[in-house]
2 protein chains.
Amino acid sequence: MDARSPSSNESPWLPFESRRRARDEKREAVLRTAVALFLEQGYHRATLNEVARRLNITKPALYNYFRGKDEILFECWAIGNELVDECIAETSAGGGSGLDKLRKLTVRYAELMTADYGKSLVRFDLRDLSDDNRKIVQSAKRRIDRAFRDYITQGIADGSVKPCDPKLSAFAIAGSLNWIGHWFQPDGALSGRAVAEEFAIRLTEGIARTSRNTTSKKKADKSPRKGNAPREEQSEHHARTAARAAGQSKRARSRLR
Amino acid sequence: MDARSPSSNESPWLPFESRRRARDEKREAVLRTAVALFLEQGYHRATLNEVARRLNITKPALYNYFRGKDEILFECWAIGNELVDECIAETSAGGGSGLDKLRKLTVRYAELMTADYGKSLVRFDLRDLSDDNRKIVQSAKRRIDRAFRDYITQGIADGSVKPCDPKLSAFAIAGSLNWIGHWFQPDGALSGRAVAEEFAIRLTEGIARTSRNTTSKKKADKSPRKGNAPREEQSEHHARTAARAAGQSKRARSRLR
DNA sequence: ACTATTTATTACCCATGGGTAATATACGGG
DNA sequence: CCCGTATATTACCCATGGGTAATAAATAGT
């Protein structure tokens, strides 16, 4: 709706850009609606007619943006996966002991599980995807598991974590976090952040070497960066090359490596 | 109603019993096949034709035992729920501190999650059930959650568990266990029992007050609860006096209480 | 204005699979 | 031998919903 009027001469670039952006915004609006509906009703009960109805369009219009229902599902999952990848990348980039990293990832991952795109990572069924996309998801899941496992291994090496089986411990922690995506409801008594921080403590204190008392609440772990509470930047994803009618988004693909 | 004829040479009871037993065995064979298929393919992809085919019968034959697909799903769930109820009942009946009970329930529940009927408790979707059955499942889920929560509360009271929020701690533990039902595969490297025992330790050591022996403390279980087992509020579910043919199993119903 | 492209709609197709009716077969009892 | 009941089969029905023309409406570029 901007239709930004250039000062004197109109450049053909801006209309082009605005059109591309309008398309991307519509694409993401579809995904937002779809992920909410899929979570609300389950993938198989949710119909594309209903997705379209909530967007005030009709079903065939969706096929301008996606090849089919399962691709919509995959793209919802891909957005959630981007968010997890960011968590892992930032956690790995930051310093600290293995336990520090484990806790940092835990709290961020937990909070993801309280939001729609995060839930899509654990509530959607791999078997609803095409073979190609299923392979992508499976390898991404392994990558997430490996992050947890690596931090634990690292923690054992640097002494911040008690000796334990990294594989099973990672399963135990990640499982508890994944389950959040099944029960958390944003209108409940607990905020997502509260759940995340409580879980981060609860799940790591069992394997932390420094057996700190739970009631101490010594928040010595004040995060070193400033308090930018909501991760709300990053609204501009681009680097799309061609129109690629109704194909998978380059954005999601590129992040998936 | 039927003729209680004085059996001179042969009692009419035996044929009747054997026939009824044959029917029950067939019913359970259906459920075994169905739960395996539902887990293997997912409820919506699994077809009754395929269930029947695996049993060497045809689809309409299934309707001699069940009213429909969703009732088969419910009955699978009900068997799993029986098993959990037994775990809870035995754990509550047995002695020990709150932590002891928590660990006992944890290990048994974890092992359940490695078997088909246990998995059905956490892999099946409530929304696929009829309204009546969904309410039953929901109340049973609350009952399970309360068992975990009660043991933790009890453990805090008797000193075997560190002070913590029972609700969140129960979520953390049960979530981790429930997730086992999503990843465990019996042909993997880990046996169900090994996973169960490892998880029981891993998940409770974080909130245990003493990492050493736990039973030496005071019992202090004189909490004035009316009765030992967690009584259910008698919601009287089986109001549906359905037709005799193809109704839900009395057995499962009776255990659901 | 005209033309091409994108985007949307209406009107369909049709494979799928849960469920049912009519009917055949097995079996125990009188 | 016949009858009633339980159990199974064959042959259907049909609602659902993903997907696809054919086509109209908006939009940009010339």
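This one's a predicted model, so the numbers in the text were calculated from it and none came from an experiment. Each chain gets a letter, A, B and so on, in the order the sequences are listed, and its residues count up from 1.
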(Q) Working note: B/E50 + B/R53, criterion salt bridge (charged side-chain N to carboxylate O under 4.0 Å, His left out); need CA distance, chi angles, decisive distance, verdict. (A) CA-CA 5 Å; B/E50 175 64 13; B/R53 196 193 61 77; 2.9 Å; yes
Could you state the [atom1]-[atom2] distance from [X] to [N], rounded to the nearest angstrom?
X	N	atom1	atom2	result
A/F66	D/dT20	CZ	P	16 Å
B/D70	C/dG18	CG	P	11 Å
B/Y63	D/dC12	OH	P	19 Å
B/D128	C/dG17	CG	P	15 Å
A/K69	D/dT20	NZ	C1'	17 Å
A/R23	C/dT6	CZ	C1'	9 Å
A/Y43	D/dG17	OH	C1'	11 Å

Q: Check the side chains of A/H44 and B/D128 for a donor-acceptor pair under 3.5 angstrom, ignoring hydrogens and angles.
A: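 The answer is no; no qualifying pair exists.
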**Q.** Derivation and outcome, side chain to side chain contact (heavy atoms under 4.5 Å, CB included), residues A/K141 and A/D145
**A.** CA-CA 6 Å; A/K141 279 183 187 293; A/D145 175 54; over 6 Å; no
**Q.** The single option from B/L39, B/T33, B/L37 passing side chain to side chain contact (heavy atoms under 4.5 Å, CB included) against B/V35
**A.**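 By the side chain to side chain contact (heavy atoms under 4.5 Å, CB included) criterion, B/V35 pairs with just one of B/L39, B/T33, B/L37: B/L39.
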Q.
I'd like to know if B/N64 reaches the base of D/dA6 with its side chain such that a donor and an acceptor end up less than 3.5 angstrom apart.
A.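 Check fails, no donor-acceptor contact within cut-off.
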Q) Listed by chain and number, what are the ring-ring contact (aromatic ring centres under 6.0 Å, His included) partners of B/Y43, not counting sequence neighbours? A)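 Once residues adjacent in sequence are excluded, the partners of B/Y43 under the ring-ring contact (aromatic ring centres under 6.0 Å, His included) criterion are B/F38.
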Q.
Under 4.0 Å, heavy atom to any atom of DNA chain D: which of residues 45-60 of chain B qualify?
A.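 Within residues 45-60 of chain B, the residues near DNA chain D are B/N56, B/I57, B/T58, B/P60.
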Q: For A/N81 and A/L121, work out which heavy atoms get closest and say how close.
A: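 That closest heavy-atom pairing would be N-CD2, 3.6 Å.
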Q) Within less than 4.0 Å of OP1 or OP2 of D/dA8, is there a side-chain N or O belonging to B/K26? A)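 So the side-chain polar atoms of B/K26 do come within 4.0 Å of the phosphate oxygens OP1 or OP2 of D/dA8, strictly under.
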